[in-house]
Engineer: 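Pasting a structure below so you can have a look.
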Amino acid sequence: MPLRHLLAIEGMHPHDIGQLLDLAESYVLLNRSGKTQRDLLRGRTLINLFFEDSTRTRTSFELAGKRLGADVINMSVATSSVNKGETLLDTAATLNAMHCDLLVVRHAQSGAPDLLAQKVEAAVINAGDGTHEHPTQALLDALTIRRRKGRLAGLTVAICGDIAHSRVARSNIHLLTAMGSRVRVVGPPTLMPAEIEAFGVERHHDMDAGLDGADIVMMLRLQRERMGDGGLVPSAREFFRFWGLDAARLARARPDALVMHPGPMNRGVEIDSAVADDPLRSVIREQVEMGVAVRMAVLDTLSRGGANG
Ligand code: ASP
Ligand code: CP
């Protein structure tokens, strides 16, 4: 079945994930050569519809679309008629009437991209919905790991910090477990979803034990925008003391362990600068590079399988 939309990693077949990663690999090489492939999406329109802030995802979808020849529109939600009370569905219907082919959506509400996918003809790509999923982030993380380690199967990946509010954690858990990695989730009980073991992961409430022998250490930002005033975390300084990654903590992981972070980072809260900027251990910049290639692969794939493909 051709891929019609990209809404979630959950439910994706490992073969399809592998194919997307292989295609993205070819786009890494194309991007590094400085060439483009502007005939692929010539005449197609991609609209970035971001109801939440973004630096990496929005910019890389724009670059990816342009490198493949699409007309790319960045809709500024802050200055749109959403402010005059227009609903998400009416906004989408308006864009649909302009014959948009690819709609990239970020929204604070989990499930918003699924809803849109039922209402518009465009291929819909989830660029992050609430605490639900961020599928292209998990794909770019997997590509980064696979290129560095040569595989995903059998690796131990520690995902650390605010698991409860992180769509990055959720998409990575689905992808990595599907591809045969061993996933540990590490963080305080207040930031850990109940029954997380049902996702096939190991839960750790002690950072040192969670990092012990890990191949990959993936740090997450505290998603304060989703926490309300519940007092789920102590002060930033105290959080760092128990759950932050510094060189001493990283020494618990394998000597060749890689440090990852989806960005944006809050230095001194979940990660120390010395670790984040260590060229021997940190692949955080490389993740951003892989993001462009992965998004090109996703646009390529959807343009073949989508309604207008
Ligand atoms: N940028 C990622 C997201 O939008 C992670 C984060 O914001 O912490 O989910
Ligand atoms: N990782 C990520 O999604 O970054 P942005 O929020 O900047 O897009």
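Read the numbers this way: they start at 1 and go in the same order the structure lists the ligands and their atoms.
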Engineer: What I want to know is whether E225 and ligand 1 share at least one N or O pair that is separated by under 3.5 angstrom.
Structural biologist: no
Engineer: In this structure, are over 12 heavy atoms from other groups packed under 6.0 Å from E197 atom CD?
Structural biologist: yes
Engineer: Which of the numbered atoms in ligand 1 are below 4.0 angstrom from a heavy atom of V168?
Structural biologist: 2 (C), 5 (C), 9 (O)
Engineer: What protein heavy atom sits nearest atom 7 (O) of ligand 2, and how far away is it?
Structural biologist: T55 N, 2.8 Å
Engineer: When you check the side-chain N and O atoms of Q137 and D141, is any donor under 3.5 Å from an acceptor?
Structural biologist: yes
Engineer: Taking the six-membered ring of F50 (Phe, Tyr or Trp), confirm whether the NZ or CZ of R106 is under 6.0 Å from its centre and within 45° of its axis.
Structural biologist: no
Engineer: Fit a plane to each ring of H13 and H15, take the angle between them on a 0 to 90° scale, and name the class: parallel (under 30°), tilted (30 to 60°) or perpendicular (over 60°).
Structural biologist: perpendicular
Engineer: Minimum distance, heavy atoms only, to atom 6 (O) of ligand 2: which one of R56, R106, R58 is it?
Structural biologist: R106
Engineer: Applying side chain to side chain donor-acceptor pair (under 3.5 Å), run through N48 and E62 and close with a yes or a no.
Structural biologist: CA-CA 8 Å; N48 270 327; E62 180 174 0; 5.2 Å; no
Engineer: Yes or no: does R56 have any heavy atom under 4.0 Å from an atom of ligand 1?
Structural biologist: no
Engineer: Could you check whether atom CD of E86 has more than 12 heavy atoms from other residues, nucleotides or ligands sitting under 6.0 Å from it?
Structural biologist: yes
Engineer: Between E202 and R184, is there a side-chain N and carboxylate O pair less than 4.0 Å apart?
Structural biologist: yes
Engineer: Under 4.0 Å from a heavy atom of G263: give me the atoms of ligand 1 that qualify, with their elements.
Structural biologist: 1 (N), 2 (C), 5 (C), 6 (C)
Engineer: In the single-linkage hydrophobic clustering (I, L, V, M, F, W, Y; side-chain heavy atoms under 4.5 Å), do M192 and M218 co-cluster?
Structural biologist: yes
Engineer: Which bit of R106 is near ligand 1, meaning a heavy atom under 4.0 Å away: side chain, backbone, both or neither?
Structural biologist: side chain
Engineer: Is there a polar contact between ligand 2 and G263, counting only N or O atoms under 3.5 Å apart?
Structural biologist: yes
Engineer: Counting from 1, what ligand 2 atoms have a heavy atom of Q137 closer than 4.0 Å?
Structural biologist: 1 (N), 2 (C), 3 (O)
Engineer: Are more than 12 heavy atoms, taken from residues, nucleotides or ligands other than R38, located less than 6.0 Å from that residue's CZ atom?
Structural biologist: yes
Engineer: Enumerate the atoms of ligand 1 whose separation from the nearest heavy atom of R221 is less than 4.0 angstrom.
Structural biologist: 6 (C), 7 (O), 8 (O)
Engineer: What protein heavy atom sits nearest atom 2 (C) of ligand 2, and how far off is it?
Structural biologist: T57 OG1, 3.5 Å
Engineer: Please list, in number order, the atoms of ligand 1 under 4.0 Å from a heavy atom of H134.
Structural biologist: 3 (C), 9 (O)
Engineer: Consider ligand 2: state whether an atom of it lies below 4.0 angstrom from any non-hydrogen atom of E52.
Structural biologist: no
Engineer: Salt bridge (Lys or Arg N to Asp or Glu O under 4.0 Å), that's the test. Do R281 and E286 meet it? Break it down for me.
Structural biologist: CA-CA 11 Å; R281 311 299 293 275; E286 205 168 303; over 6 Å; no
Engineer: Give the atom numbers and elements of ligand 2 that come within less than 4.0 Å of a heavy atom of H134.
Structural biologist: 2 (C), 3 (O)
Engineer: Please determine whether any non-hydrogen atom of G128 lies less than 4.0 Å from an atom of ligand 2.
Structural biologist: no
Engineer: Which protein non-hydrogen atom lies closest to atom 9 (O) of ligand 1, naming both residue and atom, and how far is it?
Structural biologist: R167 NE, 2.8 Å
Engineer: Taking side chain to side chain contact (heavy atoms under 4.5 Å, CB included) as the test, write out the residues that go with P234, two or more places apart.
Structural biologist: E238
Engineer: List ligand 1 atoms under 4.0 Å from P264, heavy atoms only on the residue side.
Structural biologist: 1 (N), 6 (C), 7 (O)
Engineer: Just let me know how E52 lines up against ligand 1, side chain, backbone, both or neither, with a heavy-atom cut-off below 4.0 Å.
Structural biologist: neither
Engineer: When you measure from atom 1 (N) of ligand 2 to each heavy atom in S54, P262, G291, which option holds the nearest one?
Structural biologist: P262
Engineer: Just jot down the salt bridge (charged side-chain N to carboxylate O under 4.0 Å, His left out) partners of D90, sequence neighbours excluded, or say none.
Structural biologist: none
